[in-house]
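In what follows, chains carry the letters A, B, and so on, assigned in the order in which the sequence lines appear, proteins first and then strands, with residues in each chain numbered from 1.
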Number of protein chains: 2
Amino acid sequence: MKITDRQKAVLGKIHDFIMLNSYPPTARDVAEMMGFSSPKAATDHFTSLEKKGYIKRNSLARSIKLTDKALGMLKKDYSFPSPADAGHAGISYLPLIGNIAAGNPVLAYENIDEYIPVPESFTGAYGADFALRVKGRSMTGDHILDGDMIMVKARNTAENGEIVVALINDEAVVKRFYKTKDGIELVSSNTDYPPIKISIKDAGDSVKIIGRVVAVHRNI
Amino acid sequence: MKITDRQKAVLGKIHDFIMLNSYPPTARDVAEMMGFSSPKAATDHFTSLEKKGYIKRNSLARSIKLTDKALGMLKKDYSFPSPADAGHAGISYLPLIGNIAAGNPVLAYENIDEYIPVPESFTGAYGADFALRVKGRSMTGDHILDGDMIMVKARNTAENGEIVVALINDEAVVKRFYKTKDGIELVSSNTDYPPIKISIKDAGDSVKIIGRVVAVHRNI
DNA sequence: AATATTACTATACATTTGTATAGTATATGA
DNA sequence: TCATATACTATACAAATGTATAGTAATATT
């Protein structure tokens, strides 16, 4: 017997709840999330999900446990991290943005490759909203290398001199932001790459600031 | 107000329970583990632990959450390196080494400032054993800056060309490691800093390789 | 020395919560 | 087509659970 779409949705809600609260939901929590008016609807799903090997439980309060099978499926479908990581306060999960599909908002589901656990101490006072992997060498002067992962606080404005992520024709670029007399300038810190100048009348059309870089991570 | 031994024991039991069951314990669970005959004894401890910032809870069933503070403290007491996490973990706690006290082993309790949660995906295939904050600009050529946090896999040997952490007279330095005809050479990637050459007969005395740098993290 | 905190026992009560009963409607598979 | 599984609503009950009351005793703290 295969898992149904509805059961999958319930499983997803259980997972989301654990991620958010770090303890499992009750039948009533799930019923509310799913819009059921009776907890029985939720427990019926639990029974099915347990029979199919996606959860384990005993008849105690909040004792649902997601199995590896569930985690595998969720990972396939939503690329979520293991809820075993939850329960650790101070860790947030940043969506790792892959290729940015034209037209979609940056944080659109379609753009999210996976979620990565990041300790909040790694993202500074204001936190971060998403992560990106850097492509190219345009910011080597600021010690941001090809392949580095950057963590970004979502914002559509920037202060002079800040390192920002901007969308230029649906491509994410990392640059230093400067205001000029007649617009803005996005400057690479590698002099091989010329600065991009945008006049006020063009700005907003092809170029959009999507956030400020708050952290850089690199595996060696 | 400092945490008491008894409160620490309760915190440990909560941690153990979560690790074992993946959902938090009730007051009665804790009472049983601790040998209390009343759940009130446990909730009294919960109240103290919450006041001291080790747990968070609301008045729902099994809603205890351990804080970073608690996890850091538990790691310290639970012997090094990371114990129970092993399961699905995804996150390990690296001791952040502060000043290295003369004579002590690098990972000695005295040297550990705090424990920081780090996703295992941040530390590569072999993981890391501790973290250090970089002082000075000697490795800017390799894009490792003053103030960066580096994650280190403990090892007392190194391959040619690897970026290592070495102890020179009880001071931790980050350098590239090279073998020479008559010993080793620790090379800065900032040419302002001259290479350090150690002949075989001196090596082992004043210089000790303590690990390989596997990751760099920087807040901007 | 007086006071507050810690560390419990014992009992009880009100919520929270899992689960059961009873039923409707739709979809699926043999 | 007939049985089975899915997907719920509505109500209710019993167990699980947080928390309160009322104490005792030891240990810190001022």
Side-chain angles (χ1 to χ4, degrees), chain A residues 1-18 20-67 69-70 73 77 87, chain B residues 1-14 16-18 20-67 69-70 73 77:
Chain A
M1 261 167 278
K2 265 184 73 177
I3 190 170
T4 66
D5 283 348
R6 211 70 186 124
Q7 287 164 1
K8 205 185 279 188
V10 169
L11 199 62
K13 290 296 182 187
I14 296 171
H15 179 273
D16 292 350
F17 189 100
I18 296 175
L20 191 64
N21 299 294
S22 86
Y23 47 82
T26 63
R28 282 167 183 84
D29 290 332
V30 172
E32 196 191 349
M33 287 189 281
M34 293 294 297
F36 303 154
S37 63
S38 166
K40 188 56 166 43
T43 55
D44 280 355
H45 279 294
F46 295 169
T47 305
S48 301
L49 286 168
E50 186 161 36
K51 201 169 60 183
K52 295 178 182 181
Y54 290 95
I55 63 171
K56 280 188 181 179
R57 55 183 183 148
N58 46 39
S59 42
L60 300 173
R62 299 179 187 278
S63 64
I64 291 178
K65 208 188 286 194
L66 297 181
T67 64
K69 188 177 180 183
M73 202 216 58
D77 284 12
Chain B
M1 261 169 278
K2 265 184 75 177
I3 191 170
T4 66
D5 283 347
R6 210 72 187 122
Q7 287 164 1
K8 205 186 279 189
V10 169
L11 200 60
K13 290 295 181 189
I14 296 171
D16 293 349
F17 190 101
I18 295 175
L20 191 65
N21 301 294
S22 85
Y23 49 82
T26 64
R28 281 168 184 83
D29 289 332
V30 172
E32 195 191 350
M33 288 189 281
M34 293 294 296
F36 303 154
S37 63
S38 166
K40 188 56 165 43
T43 55
D44 280 356
H45 278 295
F46 295 169
T47 306
S48 302
L49 286 168
E50 186 162 35
K51 201 169 63 185
K52 293 178 182 180
Y54 291 93
I55 63 171
K56 281 188 180 177
R57 55 179 183 152
N58 47 38
S59 43
L60 300 172
R62 300 180 187 276
S63 64
I64 291 177
K65 207 188 285 196
L66 297 182
T67 64
K69 189 178 179 183
M73 200 216 58
D77 288 5

Handout entry: Full working for side chain to side chain contact (heavy atoms under 4.5 Å, CB included) between B/Ile14 and B/Tyr54
Key = CA-CA 11 Å; B/Ile14 296 171; B/Tyr54 291 93; over 6 Å; no

Completion exercise
Of the listed D/dT6, D/dC8, C/dT9, the closest approach to the B/Phe36 side chain comes from C/dT9

Exercise for the section: Determine: side-chain N/O of B/Thr4 to OP1/OP2 of C/dA7, distance under 4.0 Å, yes or no. Expected result: yes

Practice task
Give a yes or no on this: more than 12 heavy atoms of other residues, nucleotides or ligands lie within 6.0 Å of atom CD of B/Gln7.
Solution key: yes

Problem - Any A/Gln7 side-chain nitrogen or oxygen under 4.0 Å from OP1 or OP2 of D/dA7 - result: yes

Exercise for the section: Taking only the side-chain nitrogens and oxygens of A/Arg6, find out if one of them lies under 4.0 Å from OP1 or OP2 of D/dT6. Expected result: no

Handout entry: B/His45 NE2 to B/Leu11 CG distance, which is reported to the nearest 0.5 Å
Key = 11.5 Å

Problem - A/Ser48 side-chain N/O to A/Asp44 backbone N/O, donor-acceptor pair under 3.5 Å - result: yes

Please write out the pairs of protein N or O atoms and N or O atoms of nucleotides 17-23 of chain C separated by less than 3.5 Å, giving the distance to one decimal.
from	atom 1	to	atom 2	distance (Å)
C/dT17	OP1	A/Arg62	NE	3.0
C/dT17	OP1	A/Arg62	NH2	2.8
C/dT17	OP1	B/Ala61	N	3.1
C/dG18	OP1	A/Arg62	N	3.0
C/dG18	OP2	A/Ala27	N	2.8
C/dG18	N7	A/Arg28	NH1	2.9
C/dG18	O6	A/Arg28	NH2	2.7
C/dT19	OP2	A/Arg57	NH1	2.9

Completion exercise
To the nearest 0.5 Å, atom CG of B/Leu60 lies from atom OG1 of A/Thr26 at 8.0 Å

Problem - Beyond-backbone contact of B/Arg57 with B/Leu49, side-chain heavy atoms, under 4.5 angstrom - result: no

Practice task
Check whether any side-chain heavy atom of B/Ile64 sits under 4.5 Å from a side-chain heavy atom of A/Tyr23, and report yes or no.
Solution key: no

Practice task
Would you please confirm or rule out a distance under 4.0 Å between OP1 or OP2 of C/dT9 and any side-chain N or O of B/Ser37?
Solution key: yes

Handout entry: Between NZ on residue B/Lys56 and CD on residue B/Glu50, distance to nearest 0.5 Å
Key = 9.0 Å

Problem - Side-chain N or O of B/Lys52 closer than 4.0 Å to phosphate OP1/OP2 of C/dT6 - result: yes

Practice task
To the nearest 10°, let me know how far the axis at one end of the helix from C/dA1-D/dT30 to C/dA30-D/dT1 is tilted from the axis at the other, five pairs an end.
Solution key: 40°

